[in-house]
Amino acid sequence: MPDDQQPDAPDSSRPDTARADASATASGRARTLPGTGVPDKPSLEGLEERWTGSWAQWGTYRFDRSRPRAEVFSIDTPPPTVSGSLHVGHVFSYTQTDALARFQRMRGKTVFYPIGWDDNGLPTERRVQHYFGVRCDPSVSYDPDFSPPPEPPGTPLAISRPNFVELCRRLTAEDEGVFEQMFRRLGLSVDWSTRYTTVSAGAQRASQRAFLRLAARGAAYRQEAPTLWDVDFASSVAQAELEDREIAGAYHRLRFDRSDGGAVEIETTRPELLAACVALVAHPDDERYRPLVGTTVRTPLFGVEVPVHAHALADPEKGSGIAMVCTFGDLTDVTWWRELKLATRTIVGRHGRLEPVRFGSPGWESADAGRAQAHYDQLAGLTVRQAQRRSVELLGESGDLVGQPRPVTHPVKFYEKGERPLEIVSSRQWYVATVALRDRLLELGRELDWHPGFMRQRYESWVDGLTGDWNISRQRFFGIPFPVWYRLDAEGRPDEDTPLFAAERDLPVDPSVDVPAGYSADQRDAPGGFTGDPDVMDTWATSSLTPQIAGGWEEDPDLFARVFPMDLRPQAHEIIRTWLFSSVVRSELEHGCLPWRAAAISGWILDPDRKKMSKSKGNVVVPTALLDTHGTDAVRYWACSARLGVDTIFDEQQMKIGRRLAIKILQATKFAVSRLEQDEPTGDGAGTAAAGDDGAAGPADHQSGGDQSGGDVRHPVDAAMLARLATVVTEATEALDAFEHARALERTEQFFWSFCDDYLELVKGRAYGMSTGSTSARTALERALDVMLRLFAPFLPFAAEEAWSWWHDGSVHSAAWPSPGELEPTMPAPPETLDVLGEVLREVRRAKTVAKRSMRWPVERVEVRAPARVLELVELGRADLADATNAAVIELRAHDGELGVTVELGDG
RNA sequence: GGGCGCUUAGCUCAGUUGGUCAGAGCAGCUCGCUUACAACGAGCAGGUCGUCGGUUCGAGUCCGGCAGCGCCCA
């Protein structure tokens with residue numbers, strides 16, 4: 001976002017925590033081997049600082065907006081909720097995405113990889129309240145000189161909405177700094193010059209513009225309706241924000257009088273809502289109650305006449321089989337109320353207390369209004385809980401409570417961030433039409449390329465289960481306001497039905513500050529004047545537009561055309577019903593298409609008890625300590641080892657393995673590159689044994705891919721190794737194309753270890769020497785490492801970059817992704833050669849280990865028995881084998897059967 | 001209640017279209033300072049692939065039932 005743009009400078013302010021090596025040069029580089037760029041003692045310490053700085057300086061990850069759409073890979077990065085806890089789950093999923101981004105970049109795409117911060121919404125408000133000890137009171141007027149108390153006071157300080165929003169912005173700015181530092185340290189290759197926040201002016205314009213367009217088409221509308229309501233937050237919440245929790249309650253059996261003089265008993269867990277009862281319902285097939293349907297009964301305590309209806313949703317098995325419908329006890333009540341066109345008698349207010357009502361007035365008719373009022377007056381003003389207790393007492397006294405309450409545990413709807421069961425109140429909210437889109441949304445869900453594929457089920461079951469349109473209004477303070485005002489009539493009553501909308505060119509607007517066209521500021525809240533819409537948008541109403549916000553929708557059409565629809569939406573699975581779903585809705589409504597081609601759904605990090613890590617559970621692992629202990633590459637290795645969509649148990653052991661791998665990469669490269677130097681033209685005649693060996697295998701720039709295929713590889717063992725590596729390149733490429741980063745890493749790693757354990761040991765002797773075979777070995781080593789570093793680069797960017805820098809200019813992350821073509825052998829060499837040689841090598845090692853000898857211990861004689869076809873392969877590496885095992889004689893004996901090896905150790 | 005996923009060595013996990021697929025790493029045990037690597041390396045041992053049944057010449061691999069765990073939805 002232009003308005004958030006910041007200079008992208010290398011972070012030089014951070015103290016260098018790298019080892020204080022007395023020999024370190026001014027640039028922070030350690031002492032190197034003579035005549036080479038290879039450090040004497042390669043180390044992971046300090047790599048993060050060094051390379052993070054260089055990448056920023058070089059602009060390695062900058063998006064090139066001059067490239068056409070076909071050469072762009074665009075990512076709809078999840079903006080983390082900055083006021084939430086920063087934990088190892090972030091590291092996990094963001095690293096997986098980064099690996100894909102780096103792969104695409106190396107494949108030649110320019111990667112649009114923006115970063116955003118979600119500072120909208122309740123989490124921020126809540127954190128500000130706790131952090132500063134304040135609460136927002138819209139009736140307080142703005143204090144320009146306000147500063148928060150140094151210590152949070154015991155009772156929260158009421159402050160104005162603008163002051164509150166200022167504090168929100170101040171705190172989120174701090175939080176964003178913490179996230180940015182961590183993400184940079186993690187080596188995320190995001191383009192730090194394209195960052196946005198969900199409360200920025202750009203995001204506000206996008207949200208308000210999108211809203212205005214929906215409203216103009218009627219796809220967004222305002223309606224008075226029963227609304228899920230959190231009494232503590234005093235705000236409505238959406239279906240997507242619900243969760244069921246099992247809580248303890250009790251069935252209360254209540255007696256209703258029938259008009260024929262008899263009685264009917266119902267069971268309810270919410271006797272406090274009796275005054276809000278508007279009907280009874282039984283299942284149409286339920287013989288017990290069929291005679292009652294169509295008649296009326298009279299409520300206990302209040303003597304209100306209510307009808308008895310039949311409805312399929314009534315469960316004959318539940319309680320007495322006939323239910324009391326209240327406005328509103330739960331979502332089923334809403335359904336009954338709507339479908340059976342029942343009366344409305346709401347009693348629960350927005351703060352969760354029973355509101356006063358007047359029995360005998362219209363809508364509250366009673367057979368005995370005085371008695372009803374006397375009862376109700378004992379409930380009015382009480383909380384729902386208190387009212388329940390009192391109601392039970394009253395029902396007991398009147399004799400309408402049958403038996404004792406029967407304890408049950410039942411699922412109750414909660415706001416996912418809330419602490420008390422939701423109430424349903426009638427209120428006026430803005431809605432986005434989603435239900436009418438259901439079929440199209442399902443179609444889009446099938447169009448999207450899901451990784452893993454089964455995650456689509458979550459989307460489908462959510463879309464299938466939509467019960468109503470999407471409520472996007474929230475009665476909160478820190479969020480994006482609706483660009484809407486209402487006219488006030490002569491009595492000061494708002495005209496809710498014909499809102500005044502802002503013009504797109506004026507966005508963003510804040511209706512509590514800005515004035516609608518044709519009005520002046522002094523008409524605010526005055527009769528005949530106007531009033532601003534007091535609500536803000538649901539956080540998802542903004543987050544659902546991240547592709548549009550980051551892509552410069554309507555503000556930078558050139559950019560937008562190059563990045564939208566995006567290539568990838570990475571995200572976690574629990575927000576499929578919110579973020580993914582709402583993004584699809586918005587894109588469909590605005591653009592008529594999916595917002596991205598593919599979705600990569602990451603799993604969760606579980607603690608050792610297989611519980612999801614979350615702040616509330618107190619089992620969160622903070623990533624900074626992990627990065628300190630193991631290093632970034634090690635932590636990234638752990639993250640990249642897990643497949644998409646798979647919940648993974650947090651395991652620090654994996655990081656140790658990753659660290660070992662990173663060190664090994666440095667060590668192996670050090671060996672290869674320092675051998676390489678022997679081929680440098682030094683004028684000592686070293687190259688005489690290798691005619692035409694003029695050092696062409698020296699520093700080479702692979703920006704345009706390998707162009708030196710097989711130049712000096714003339715030894716079959718070397719050629720076989722490169723042939724095997726070519727298949728690894730193919731596999732890794734296919735895996736990454738299919739978003740299978742873990743497989744790509746695993747294949748590469750597996751090859752690398754066998755390369756180190758077997759190949760390196762086999763050719764070590766040759767690599768040290770000065771012969772044609774030596775040049776071949778050194779060339780093959782160089783070429784293999786050159787390819788492997790590029791294969792590792794997406795996963796272990798720091799170690800790969802460090803090792804790469806020893807004999808390349810430029811970043812490995814700008815280098816071309818390897819292709820099997822650049823490893824095309826110049827001579828035929830069966831790839832199985834290495835497997836066979838490795839097998840023999842292991843047999844000799846085993847013999848030495850069993851004899852408790854060192855690996856250098858001399859061997860008198862090795863006898864290899866195998867079919868002739870296999871022996872041919874052994875023959876290819878016979879000299880290397882002798883060298884690596886320190887064997888005097890290697891005999892090959894043809895033999896039909898398994899490979900057999902006999903080892904006779906020397907005397908030492 | 002409907003759906004999805006998982007169940008492979010003590011632990012964490014690989015095992016693409018059924019045919020050396022019974023694997024890796026860690027932990028354990030035994031060795032070894034070898035000029036890339038001792039914050040390392042080499043080697044050993046470890047599982048009737050949850051369970052029952054089916055398809056097949058052949059099943060961790062496909063199908064069905066069951067059990068346990070986790071999640072999504074109602």
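Note that the coordinates shown come from a computational prediction; the quantities given were computed from them, not determined experimentally. Naming: A, B, ... by sequence-line order, numbering from 1 per chain.
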task = Please say whether the positively charged group of A/Arg577, taken as NZ for Lys or CZ for Arg, lies over the ring of A/Trp540, i.e. under 6.0 angstrom from the six-membered ring centre and within 45 degrees of the axis.
result = no

ask   = So A/His451 and A/Phe739, would you call those rings parallel, tilted or perpendicular, with 30° and 60° as cut-offs?
value = tilted

remark   = With the side chain defined as heavy atoms from C-beta on, A/Ile663 is closest, among B/A39, B/G41, B/G70, to B/A39

key: Comparing A/Thr849 and A/Phe454 on RNA chain B - which has the more 5′ nearest nucleotide   = A/Phe454

A/Tyr637 OH to B/A14 P, straight-line distance once rounded to whole Å = 12 Å

key: Same-atom distance (C1') from B/U16 to B/G54, integer angstrom   = 25 Å

task = In plain terms, say whether A/Asp718 and A/Arg766 are close enough for a salt bridge, that is, a side-chain N and a carboxylate O under 4.0 Å apart.
result = yes

Nearest listed nucleotide, side chain of A/Arg845, among B/A14, B/G43, B/C72 = B/G43

N/O (side chain, A/Lys764) to phosphate O (OP1/OP2, B/U35) under 4.0 Å = no

query = Under 3.5 Å, side chain of A/Trp579 to main-chain N/O of A/Ser543, donor-acceptor pair present?
reply = yes

query = Of all heavy-atom pairs between A/Asp633 and A/Leu796, which one has the smallest distance, and what is that distance?
reply = O-CD2, 3.1 Å

message = Tell me if B/G60 is syn or anti. Syn = glycosidic torsion within 90° of 0, anti otherwise.
response = syn

ask   = Base, backbone or nothing for each nucleotide of nucleotides 15-27 of chain B, written B, S, -, heavy atoms under 4.0 angstrom, 5' to 3'?
value = SB--------SS-

request  = Starting from the 5' end of RNA chain B, give me the residue, A/Ala851 or A/Phe671, whose nearest nucleotide shows up first.
outcome  = A/Ala851

query = Whole-Å distance between B/C31 C1' and A/Arg846 CZ?
reply = 14 Å

query = Do A/Phe795 and A/Thr95 touch side chain to side chain, with heavy atoms closer than 4.5 Å?
reply = no

task = Ignoring backbone atoms, establish whether A/Arg577 has a side-chain N or O less than 4.0 Å from OP1 or OP2 of B/C72.
result = no

inquiry  = So that I can compare with my own list, what are the stems of RNA chain B, taken as at least three consecutive Watson-Crick or G-U pairs with distances under 3.5 Å?
reply    = B:1-7 with B:67-73, B:10-13 with B:23-26, B:28-32 with B:40-44, B:50-54 with B:62-66

ask   = Heavy atoms under 4.0 Å, any strand shown: does A/Lys664 hit a base, just sugar-phosphate, or nothing?
value = base

ask   = For the side chain of A/Gln96 and the backbone of A/Ala639, is there at least one donor-acceptor N/O pair under 3.5 Å apart?
value = yes

inquiry  = Please report the distance, rounded to the nearest Å, between NZ in A/Lys41 and C1' in B/C37.
reply    = 10 Å

task = Look at the rings of A/Trp604 and A/His573 and say which category their plane angle falls in: under 30° parallel, 30 to 60° tilted, over 60° perpendicular.
result = tilted

query = What residue among A/Leu228, A/Leu422, A/Leu242 forms side-chain contact (heavy atoms from CB on, under 4.5 Å) with A/Tyr415?
reply = A/Leu422

task = Provide the distance between the two C1' atoms, one in B/C63 and one in B/A24, to the nearest whole Å.
result = 30 Å

key: Of the listed nucleotides B/U30, B/U34, B/C13, the one nearest the side chain of A/Thr648   = B/C13

inquiry  = Say we look at B/G68 and B/C52: how far apart would their C1' atoms be, to the nearest angstrom?
reply    = 15 Å

note = In whole angstroms, the gap separating P of B/C37 from CH2 of A/Trp806 amounts to 12 Å

A/Glu746 side-chain proximity, nearest of B/G43, B/G5, B/A14 = B/A14

query = Is a salt bridge present between A/Arg846 and A/Glu843, judged by a nitrogen-to-oxygen distance below 4.0 Å?
reply = yes

key: Closest to the A/His573 side chain, choosing from B/C71, B/C73, B/C37   = B/C71

note = Taken to the nearest whole Å, CZ/A/Arg456 to C1'/B/G5 is 16 Å

ask   = Is A/Leu760 touching bases, backbone alone, or none of the nucleic acid, heavy atoms closer than 4.0 Å?
value = base

key: Touch class at under 4.0 angstrom, heavy-atom based, for A/Asp464 against every strand present   = nothing

task = Determine the Euclidean distance between corresponding C1' atoms of B/C4 and B/G41; express it in Å to zero decimal places.
result = 45 Å

request  = Pull up the glycosidic torsion of B/G46 and say syn or anti, syn being anything within 90° of 0.
outcome  = syn

task = Using the C1' atom as the reference point in each nucleotide, state the distance between B/U12 and B/G53 in Å, no decimals.
result = 32 Å

message = In this structure, how many angstroms lie between the P atom of B/C4 and the CD1 atom of A/Ile601, rounded?
response = 18 Å

Any donor-acceptor pair under 3.5 Å from A/Arg790 side chain to A/Val812 backbone = no

task = Could you check which of B/G43, B/G41, B/C37 has an atom nearest any side-chain atom of A/Asp757?
result = B/G41

query = Whole Å only: how far is the CD1 atom of A/Ile649 from the P atom of B/C69?
reply = 15 Å

task = May I ask you to say what A/Gln239 touches in the nucleic acid, namely base, sugar-phosphate or nothing, with a heavy-atom cut-off under 4.0 Å?
result = sugar-phosphate

task = Write down the distance separating the P atoms in B/G3 and B/A45, rounded off to the nearest Å.
result = 46 Å

key: Span that lies between the P atom of B/G5 and that of B/G10, in whole angstrom   = 27 Å

Residues A/Arg659 and A/Glu45 bridged, charged N to O under 4.0 Å = yes

N/O (side chain, A/Arg659) to phosphate O (OP1/OP2, B/A39) under 4.0 Å = no

inquiry  = When the C1' atoms of B/U8 and B/C49 are compared, how many Å lie between them, rounded to an integer?
reply    = 4 Å

ask   = Nearest to the side chain of A/Ser461 - B/G43, B/G32, B/C73?
value = B/C73

request  = Take atom CG of A/Asp244 and atom P of B/G2, then tell me their distance rounded to the nearest Å.
outcome  = 17 Å

